[in-house]
Number of protein chains: 2
Amino acid sequence: MAASTLTEVARLAGVSPATASRVLNGSARKPGPGVSERVRQAAETLGYIPNAQAQALAKSSSGLVGLIVHDIADPYFSAIARGVQEVAREQHKMVLLATTGGTPADEKEAVAAFAARRADAIVIAGSRSRRPEDEKGNADLAAELDRYCRNGGHVGVVGQAIVGAGALDGYHLVEVPNEELAMELAGKLAASYSGDFVIIGGPEGLITSDDRIRGFQSGLAAAGRPAAEVLRASFNRAGGYEAGLELARRIQDARASGASKEGEKPGLCILAANDVMAIGATAGLRSQGFRIPRDALIAGFDDIETLRDFRPGLSTVRLPLEEIGRLATLSTAGAEAPDGGDGHDDDGPSVTGQVTLRRSTEWTP
Amino acid sequence: MAASTLTEVARLAGVSPATASRVLNGSARKPGPGVSERVRQAAETLGYIPNAQAQALAKSSSGLVGLIVHDIADPYFSAIARGVQEVAREQHKMVLLATTGGTPADEKEAVAAFAARRADAIVIAGSRSRRPEDEKGNADLAAELDRYCRNGGHVGVVGQAIVGAGALDGYHLVEVPNEELAMELAGKLAASYSGDFVIIGGPEGLITSDDRIRGFQSGLAAAGRPAAEVLRASFNRAGGYEAGLELARRIQDARASGASKEGEKPGLCILAANDVMAIGATAGLRSQGFRIPRDALIAGFDDIETLRDFRPGLSTVRLPLEEIGRLATLSTAGAEAPDGGDGHDDDGPSVTGQVTLRRSTEWTP
DNA sequence: AATTGTTGGGAAAGCGCATTCCCACTGCAT
DNA sequence: ATGCAGTGGGAATGCGCTTTCCCAACAATT
């Protein structure tokens with residue numbers, strides 16, 4: 001038994017398919033009450049479900065919004081996804097999910113797939129990369145997105161503009177002031193802690209990571225501190241863990257050489273480029289017997305919800321992730337904010353975060 | 001500029017649409033090499049992207065798999081989602097996401113939407129409910145799913161069968177032995193801890209929660225312990241937190257009345273129905289000055305990845321969430337396992353978990 | 001009473017593609 | 001030379017729906 005069609009409903013109701021379509025789906029023309037009732041009845045008894053594919057084909061609008069993330073199980077992305085999903089729901093759309101691990105080639109493919117499905121909008125979350133080996137991939141991705149935009153698509157971009165994309169309408173950027181917030185965080189920490197800083201960042205070229213690192217450094221510089229060393233690792237918990245092990249080794253060395261003493265003051269303050277790296281680093285340090293904040297201070301970035309109960313409380317920058325997802329999706333919805341401006345998309349909505357200091361950076365001599 | 005169509009490509013290549021279709025999409029008939037090359041060229045220069053909607057309409061198979069979760073930002077669901085996504089990717093399908101908060105009415109709607117999009121499969125994760133107020137909703141959901149199945153759809157169900165669904169082919173259950181594992185966990189804890197137990201569960205009627213609670217109780221009973229009291233709260237961090245506050249109050253009372261003394265032994269062992277509730281409860285207890293495991297032991301369920309670095313390490317039951325998502329999706333893929341059986345779907349694949357004891361339940365007198 | 005709107009409904013033309021026929025042509029055996 | 005299977009390509013139909021256009025019936029206007 002195949003699903004029943006509009007035509008069958010129409011036949012059962014004794015009307016034309018056109019009329020059935022008008023009553024069952026929101027049309028401008030409302031047929032008379034008697035006819036409407038008959039059609040609705042027929043649809044009910046047949047268990048009619050409109051074929052969204054056919055509808056999309058006929059009116060060329062699919063009610064789909066595509067979402068591209070690195071990894072849906074990463075709490076950073078799942079929080080954004082929740083926001084996207086919410087807005088989609090409000091707008092009676094469905095979200096199509098693609099996870100790419102951050103590989104531009106995969107992202108390009110995802111965009112193509114979304115374009116093939118004629119998604120009304122694409123939200124692309126997750127950091128772009130500037131690594132030389134990604135250059136080709138980025139160019140391809142940009143080209144694919146440009147094409148999508150030229151064909152009337154809207155893309156909501158989280159964080160930073162697409163590398164190499166044209167200045168097309170259709171792009172809507174939700175800016176996240178990573179650098180400024182990182183600077184603020186570093187500044188606040190520098191005010192209360194006088195020791196060394198070290199930064200744990202993602203691979204070089206990952207824009208979000210680089211922005212935050214740059215912010216950390218400016219914050220330190222503004223406070224009259226020397227630039228911090230930057231440890232590179234993968235932008236996740238595992239990367240943080242490795243970096244944590246490396247730092248544990250250094251603290252041990254410093255103590256062995258008498259440059260620092262246990263219990264005196266924390267050997268260093270670690271600035272991690274995101275929360276999960278910070279947690280990973282903490283785990284790495286702990287595995288070597290070090291404790292936070294006794295032996296080292298540490299701060300993260302994002303304020304991941306699931307991690308807020310972590311002990312000691314992780315100092316971080318709270319980012320309204322869900323809101324970011326919402327805004328990115330809303331911005332694609334066509335309803336341009338009526339700001340009396342140049343007509344151009346005025347850089348889209350922008351969000352801000354909030355430096356949040358907790359126990360992990362509290363040092364009481 | 002609208003996206004170019006197959007017909008345009010065909011015209012540019014000087015062939016018929018039929019031929020163009022044959023070369024650009026996998027058809028049984030392969031046109032000659034010269035023609036193929038011309039068509040491919042034309043497609044390239046035009047930036048042709050096939051219209052998936054039209055393709056789906058023409059061959060009635062959409063390449064879509066629908067995923068229903070309560071909340072994509074919940075690490076339990078996002079882990080499953082990752083598994084689903086992986087398999088979908090392997091099979092060159094896309095996943096359509098719907099979040100419902102667990103409301104049967106919303107889930108029914110999601111199923112209808114998936115059916116409308118002619119999704120090849122639906123994976124429904126997230127606990128069903130038996131609450132009386134959900135009865136109507138469940139029946140509707142079951143009816144919708146049944147209809148979807150009868151129309152040839154496949155649905156992968158995580159955890160427990162759909163309440164009220166018919167015994168149709170098309171349903172594929174990935175069983176999770178919640179009760180057995182909960183029993184095992186409770187048993188192991190009862191072996192090393194002689195005090196009182198209390199259970200923090202989700203709302204009554206939530207099947208996953210109820211199964212686990214039942215398992216806890218059997219485990220205690222098997223160890224010769226009295227049944228534990230069950231505190232009901234919402235099945236998330238907030239619910240756990242509230243329950244934690246309540247338990248803090250009780251511990252305080254017990255101490256005030258001299259029934260228990262600080263530092264003597266943990267006042268009780270808390271069995272939470274999932275990890276996030278356990279974390280919430282821990283936070284609640286801590287907010288009142290209590291510490292784990294000094295003042296109370298606590299265990300969770302799921303072994304959420306993000307929570308593994310939590311201190312003290314949370315005793316829990318490790319569930320292969322990602323694998324569960326994978327299996328649920330794979331089971332819908334039509335390739336029935338060739339088990340020499342009754343031809344029926346042999347209960348589908350099943351997974352198991354692993355009791356994992358950590359510091360949160362370690363009591364050293 | 002004749003004309004002009006106005007309304008409610010149907011017929012038909014796509015939307016972009018897959019696919020089933022059908023036809024012209026080749027190479028081979030007869 | 002005639003018949004045949006085999007091959008590469010096109011014409012046409014249909015997937016299920018929306019929408020424009022058209023037509024009949026009726027009410028409202030001078």
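Below, chains carry the letters A, B, ... as their sequence lines are ordered, and counting in each starts from 1. Values below: every heavy atom of this structure, side chains too, minus hydrogens, waters and symmetry copies.
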**Prompt:** Would a 4.5 Å heavy-atom cut-off, applied to side chains only, mark B/Asp146 and B/Tyr171 as touching?
**Reply:** yes
**Asked** Across the strands shown, which category fits A/Pro50 at heavy-atom distances under 4.0 angstrom: base, sugar-phosphate, nothing?
**Response** sugar-phosphate
**Request:** Under 4.0 Å between any heavy atoms, over every strand shown, what does A/Ser60 touch: base, sugar-phosphate, or nothing? Just pick one.
**Result:** nothing
**Message:** Whether A/Ser16 contacts C/dA11 is assessed here as follows: a side-chain N or O lying under 4.0 Å from the phosphate OP1 or OP2. Is that the case?
**Reply:** no
**Message:** Between B/Glu90 and B/Arg326, is the salt bridge (Lys or Arg N to Asp or Glu O under 4.0 Å) condition met? List the steps.
**Reply:** CA-CA 11 Å; B/Glu90 287 163 13; B/Arg326 292 186 57 91; 3.3 Å; yes
**Item:** B/Gln91, CD: over 12 other non-hydrogen atoms inside 6.0 angstrom
**Value:** yes
**Request:** Return the residues of residues 109-119 of chain A meeting this criterion: a heavy atom under 4.0 Å from some atom of DNA chain D. Order them by number, or give none.
**Result:** none
**Prompt:** Is there a side-chain polar atom (N or O) of B/Thr7 under 4.0 Å from OP1 or OP2 of C/dG16?
**Reply:** no
**Message:** Counting the atoms with a prime plus P, OP1 and OP2 as sugar-phosphate, which does A/Leu57 contact under 4.0 Å by heavy atoms, base, sugar-phosphate, or nothing?
**Reply:** base
**Message:** Before you tell me yes or no, could you show the steps for B/Glu144 and B/Arg147 under salt bridge (Lys or Arg N to Asp or Glu O under 4.0 Å), namely the whole-Å CA-CA distance, both residues' side-chain angles and the distance that decides it to 0.1 Å?
**Reply:** CA-CA 5 Å; B/Glu144 196 73 46; B/Arg147 168 155 64 179; 3.0 Å; yes
**Request:** Tell me, please, which residues at least two apart from A/Tyr76 pass ring-ring contact (aromatic ring centres under 6.0 Å, His included).
**Result:** none
**Request:** To the nearest Å, give me how far apart CZ (A/Arg22) and C1' (C/dG8) are.
**Result:** 8 Å
**Message:** Is B/Asn25 close enough to C/dA18 that one of its side-chain N or O atoms is under 4.0 Å from OP1 or OP2 there?
**Reply:** yes
**Prompt:** Just to confirm, is there a sub-4.0 Å distance from OP1 or OP2 of D/dT18 to any side-chain nitrogen or oxygen of A/Gln55?
**Reply:** yes
